[in-house]
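Only a predicted model underlies this, so the values are computations on that prediction, with no experimental measurement involved.
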Amino acid sequence: MENNKERAQWASKIGFILAAAGSAVGLGNIWKFPGKAFAGGGGAYLIIYLLIVLLIGVPVMVTELSIGRFTRKNTIGSFRTLDKRFGWVGWFGVVCAFVILCYYSHVGGWVLSYIVSYITEGSTVMADGLGYFYGFLGIDAATGATWFPTRAIIFAFIFVAINAFILLKGVSGGIEKFNKVGMPALFVILIILLVRANTLPGAAEGIKYMFSCDWSKINSGTFISALGQAFFSLSLGMAIMITYGSYLKKEENISKNSFIICGLDTLVAFLAGFIIVPAVFATLGSEGIGKGGGFAFASLAGVFKAMPAGALFGVLFYLLLLFAALSSSISIQEGIVAFCCEEWGWKRNKTIIFMSIVCFAIGIIYTISQASVNITIPWLDFTGVSHPIAGDWMEFLTDRLLLPVCAFGECIFVGWIWGPKHVQEEVCQNDAKFAWFKVYNFLIKYICPIAIAVIIIYSFATGTTVS
């Protein structure tokens, strides 16, 4: 096992918590969660989501951090050390992280570009949000004419370069320092936007909706959606938390920190819901609520247009997205870099630069497939063969297959092979408490794997992306 003195470590407890929370807090919290909360009956969805985070998210978080700290290795190295038969679980996590990084870094570039756009030509963006977004991706919505989306590609390159620069500074000097600034800044912007959105005329209806519980909108799909959203949002099953856990000092309380990390991530998602839903109710009406890239980049332009000083709040919103995107992409790439350096003996700095270039290049396919070039890839599930665009195919691969299968493998391994007792021993280092171990034991053996299996079966049976 690797010498602890030779391995990078977090410089402080708060640095680790902010870095781990930063990894969990991503674009999905801000543009996917509000739409899902609205569709799921407001407060009813919030209750269901919170229960899922507590019953499934926290136990899996404890599991991944414990495995990482116990082995002091990357995801693949961890499983190969504990049981070579489960090395495939680590591979699923690393491959998942790699594919996500390819497209996530480009969406991060879109966010960066929109910050500049709202500063330099905010009125143009807000005048025709959908048309501007299509033009940004290389297509004229009116005529159908296409071109190479040069601006989108350039800003993706800039985003990747910023990401690489932070990683080159190291674990404590780069990742930790960025999150010590980025995460507080993210919360400050969240509070500013929360105050602004909830003081708009007509916002009260949106606030009322988010506090009400419309149980008539709840069905099996709602639970699956919330479960998938929680896993993707918390960065579970993608080589991140095991790697972050491997940098943890023995005196850190894994159980307590897991609750804090999951709590911060959930708080951001809830705050985003109470920003987006009231703001859209006040400006576009309830029918304007949506989720995904089209909503974040196109529909919200109408919200900012209807707000006093809309361009300013547009800049703040995309700054919020930028901090969320960077904090997540940094963690995703760190998991990949740790694997390459420890398993293949690559030099850290060269690995960061090489992986940045490769992911950026593959990500170009994601961006151009959105509008300017028709690139499709076959996808097979229980509904038959479909041909989604390359960008959607990448998301299907990670959301429907790699991420949930990796998480399922972790639960089976810890619950039935390695044993929850080993997690208990790791959590209880330096007399730390694990008062809820019996509950954890039951959850990781039964509830978590069953719930994840349901996600996999549901998504392949219905052709629905659940994250």
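Using modelled atom types and a 3.5 Å distance limit, the side chains of N179 and S327 yield no donor-acceptor pair. N74 and T243 share no donor-acceptor pair across their side chains, judged by distance under 3.5 Å alone. A donor-acceptor contact under 3.5 angstrom links the side chains of E334 and Y247, judged on distance only. Checked by atom type, the side-chain pair T367/Y103 shows no donor-acceptor distance below 3.5 Å. There is no side-chain donor-acceptor pair under 3.5 Å between N253 and S255.
For the pair L443 and I56, the minimum side-chain heavy-atom distance is 4.5 Å or more. Residues S329 and F159 have side chains in contact (heavy-atom distance under 4.5 Å, counting atoms from C-beta outward). Contact check for P378 versus H387: side-chain heavy atoms found under the 4.5 Å cut-off. Using a 4.5 Å cut-off on side-chain heavy atoms (C-beta onward), L234 and C262 make contact. Side-chain contact between S172 and K177: absent, with no pair of heavy atoms (C-beta onward) separated by less than 4.5 Å. The side-chain heavy atoms of P388 and T376, taken from C-beta on, include no pair separated by under 4.5 Å. The side-chain heavy atoms of K36 and T222, taken from C-beta on, include no pair separated by under 4.5 Å. The side-chain heavy atoms of V25 and L264, taken from C-beta on, include no pair separated by under 4.5 Å.
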E252 and R69: CA distance, side-chain angles, deciding distance, salt bridge (Lys or Arg N to Asp or Glu O under 4.0 Å) verdict: CA-CA 10 Å; E252 293 294 344; R69 192 172 72 175; over 6 Å; no
Residue pair Y45, M210: steps toward the side-chain contact (heavy atoms from CB on, under 4.5 Å) verdict: CA-CA 9 Å; Y45 185 90; M210 289 296 286; over 6 Å; no
CA sep, side-chain torsions, deciding dist, call: F79, W91, ring-ring contact (aromatic ring centres under 6.0 Å, His included): CA-CA 9 Å; F79 282 101; W91 277 105; over 10 Å; no
Derivation and outcome, ring-ring contact (aromatic ring centres under 6.0 Å, His included), residues F211 and F274: CA-CA 9 Å; F211 275 114; F274 277 94; 5.0 Å; yes
Candidate pair I452 and C411, rule side-chain contact (heavy atoms from CB on, under 4.5 Å), full reasoning: CA-CA 9 Å; I452 298 167; C411 294; 3.8 Å; yes
Salt bridge (Lys or Arg N to Asp or Glu O under 4.0 Å) evaluation trace for E343 with R80: CA-CA 11 Å; E343 300 300 312; R80 286 214 308 229; 2.2 Å; yes
Derivation and outcome, salt bridge (Lys or Arg N to Asp or Glu O under 4.0 Å), residues E425 and K421: CA-CA 6 Å; E425 291 171 2; K421 281 287 185 181; over 6 Å; no
Stepwise side-chain contact (heavy atoms from CB on, under 4.5 Å) check, E251 with Q429: CA-CA 7 Å; E251 55 264 30; Q429 294 282 336; over 6 Å; no
Stepwise side-chain contact (heavy atoms from CB on, under 4.5 Å) check, L190 with F323: CA-CA 11 Å; L190 269 173; F323 285 125; over 6 Å; no
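Nearest heavy-atom pair across E64 and M241 is OE1-CB, 3.2 Å. The two residues L186 and V268 come nearest to each other via the heavy atoms CD2-CG2, 4.0 Å. A453 approaches F408 most closely through the heavy-atom pair CB-CE1, 4.1 Å. Residues C102 and H106 approach most closely at O-CD2, 3.5 Å, considering heavy atoms. Here the shortest heavy-atom pairing between V414 and T63 reads CG2-CG2, 3.4 Å. Contact record, P420 with Y440: CB-CE2, 4.1 Å, taken as the closest heavy-atom pair.
A donor-acceptor contact shorter than 3.5 Å links the side chain of T398 to the backbone of E395. Checked by atom type and distance alone, the side chain of N430 never pairs as donor or acceptor with a backbone atom of A432 at under 3.5 Å. Within the 3.5 Å criterion, the main-chain N or O of C340 finds no donor-acceptor partner in the side chain of T351. Under a 3.5 Å cut-off, the side chain of R151 and the backbone N or O of S113 do form a donor-acceptor pair. S369 places a side-chain N or O within donor-acceptor distance of the main-chain N or O of G391, the cut-off being under 3.5 Å. The closest donor-acceptor contact from the side chain of E410 to the backbone of G237 lies at 3.5 Å or more, if one exists at all. With hydrogens and angles ignored, the 3.5 Å screen pairs a side-chain donor or acceptor of Q370 with a backbone N or O of Y366. For Q229 (side chain) and G28 (main-chain N/O), a donor-acceptor pair under 3.5 Å exists by modelled atom type. W393 places no side-chain N or O within 3.5 Å of a backbone atom of W379 that could act as its donor or acceptor partner. D399 places no side-chain N or O within 3.5 Å of a backbone atom of F396 that could act as its donor or acceptor partner.
Distance check, rounded to the nearest 0.5 Å: CZ of F442 to CG of L55 gives 10.0 Å. In this structure, CG on L271 lies 10.5 Å from CG on N29, to the nearest 0.5 angstrom. In this structure, CD1 in I192 is found 10.0 Å from CG in L319, a value given to the nearest 0.5 Å. Taken from CD1 in I457 to CD1 in I224, the straight-line distance is 9.5 Å, to the nearest 0.5 Å. We find the CZ-CD1 distance between F317 and I115 to be 11.0 Å, quoted to the nearest 0.5 Å.
Taking the six-membered ring for Trp and thresholds of 30 and 60 degrees, F92 and W88 have ring planes more than 60 degrees apart, a perpendicular arrangement. In this structure, F437 and F434 have perpendicular ring planes: the angle between them is above 60°, well past the 30° mark. Ring orientation note: the planes of F360 and F157 are nearly perpendicular, at an angle over 60° on the 30°/60° scale. Between F270 and F33, the angle of the ring planes stays under 30°, which puts this pair in the parallel group of the 30/60° scheme. Aromatic ring pairs are classed by plane angle as parallel below 30°, tilted from 30° to 60° and perpendicular above 60°; the pair W10 and F16 is tilted.
A cation-pi arrangement is present between K445 and W416, with the terminal nitrogen or guanidinium carbon under 6.0 Å from the aromatic centre and inside a 45° cone about the axis. Geometrically, K169 does not engage F178 in a cation-pi contact defined by less than 6.0 Å to the ring centre and at most 45° from the axis.
Here F136 and Y114 bring their ring centres to under 6.0 angstrom of each other. Aromatic rings from F297 and W110 are positioned such that their centres are separated by under 6.0 Å. Here the two rings, on W418 and F86, have centers that are 6.0 Å apart or farther.
Annotation for K217: atom NZ counts as buried by contact number, over 12 foreign heavy atoms lying within 6.0 Å. The local environment of CZ in F98 is crowded, with over 12 non-hydrogen atoms from other residues, nucleotides or ligands closer than 6.0 Å. Within a 6.0 Å radius of CG in D431, other residues, nucleotides and ligands contribute 12 heavy atoms or fewer.
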